[in-house]
Amino acid sequence: MRRSSEDGLGGDQVEGRHAVHELLLAGNRRVREVILEAGLDDAPILEQIIDLADEAKVPLKELSGSRFDAIARTGAPQGVVALAAPIPETSLARMVSSRPNPFLLVVDGVTDPGNLGALLRTAECAGVDGVVLARHRAARITPTVTKAAAGAIEHLPMCRVPGIPNAISDLIERGVWTVGLDVVADTDVGDLAVAADPIALVVGDEGRGLSRLVAERCDVVATIPMYGRLNSLNVAAATAIACFAIARRRGVTENPS
């Protein structure tokens, strides 16, 4: 029986040089094949991809431009595609219990793959310990997401839940503060008193932001102060600002690499 496209997180086709490099370097998933476009200019990262594939005994294939384009699913795969096992899902309970003081990102209804990839990249760079995604009406880990995430998906535990409101209630019961990010709120996300505690930042979709029910379930709703004429940010930009504001309050240790 063929699996539905809605089954699992996805992530079995990884595109982009940094994404494929991190896939091979992390070694967390089985990589079936790495496909290169013929005639690529020499670049250190391509040499590293070839060396990593050789070390892991991953088959390498070179295709002409037209045949490569027929396989790629993004507009600019940078001449590199990898086929791998899908991203494994974790449970919400394990995501909370695997860290003594977790910092989570809850994504409510982000449907644009580029935005989701940018969110995941930001989350990993800000020290987020896991990401909670909605099972329905949300982007899966498509090749566009893998490219925009630039390898972050290899390091972020992820789970999908049937409903974000219930997941928020579950997190609260497990002792995690839930902070919704919205345009209108009394609390500055940079001044959160609970930032150093177990915390989940909840972000809404590209258009309407947090749904009413999600906002009502959160312990706190916070905002990013605006100083210009416009009163809103792209969801990826807003999440980046909020994640790093929380990380700074938590005193996340900078990655020495």
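Excluded from the calculations below are hydrogen atoms, water molecules and symmetry mates; all remaining heavy atoms, backbone and side chain alike, are included.
In terms of heavy-atom proximity, Gly114 sits nearest to Thr144 at N-CG2, 4.1 Å. Between Leu116 and Val110, the shortest heavy-atom distance links the atoms N-CG1, 4.0 Å. Nearest heavy-atom pair, Ala242 versus Ile224, reported as atom, atom and distance to 0.1 Å: N-CD1, 4.4 Å. The heavy-atom pair separating Asp129 from Asn101 by the smallest distance is OD2-O, 4.1 Å. Pairing each heavy atom of Leu119 with each of Ala236, the nearest pair is CD2-CA, 3.7 Å.
Under a 3.5 Å cut-off, the side chain of Arg121 and the backbone N or O of Ala150 do not form any donor-acceptor pair.
For the side chain to side chain contact (heavy atoms under 4.5 Å, CB included) test with Ile87, the passing option among Thr146, Val14, Ile141 is Ile141; the others fail.
Linking ILVMFWY side-chain heavy atoms closer than 4.5 Å, directly or via other members, places Val203 and Leu156 in a single hydrophobic cluster. Linking Ile, Leu, Val, Met, Phe, Trp and Tyr residues whenever their side-chain heavy atoms come within less than 4.5 Å places Val161 and Val176 in a single cluster.
Applying the side-chain contact (heavy atoms from CB on, under 4.5 Å) rule to Phe68 yields the partners Ile35, Glu37, Leu63, Ala72, Pro77, Val81; only residues at least two apart in sequence or on another chain are considered. Asp69 pairs by the side-chain hydrogen bond (donor to acceptor under 3.5 Å, both in side chains) definition with nothing, not counting sequence neighbours.
Residues Glu15 and Arg73 are not paired through a salt bridge, judged by the lack of any N-O separation under 4.0 Å between the basic side chain and the carboxylate.
Side-chain atoms of Leu40 and Arg17, non-hydrogen and from C-beta on, do get closer than 4.5 Å to each other.
Between the side chains of Gln78 and His18, no donor-acceptor pair of N or O atoms lies under 3.5 Å.
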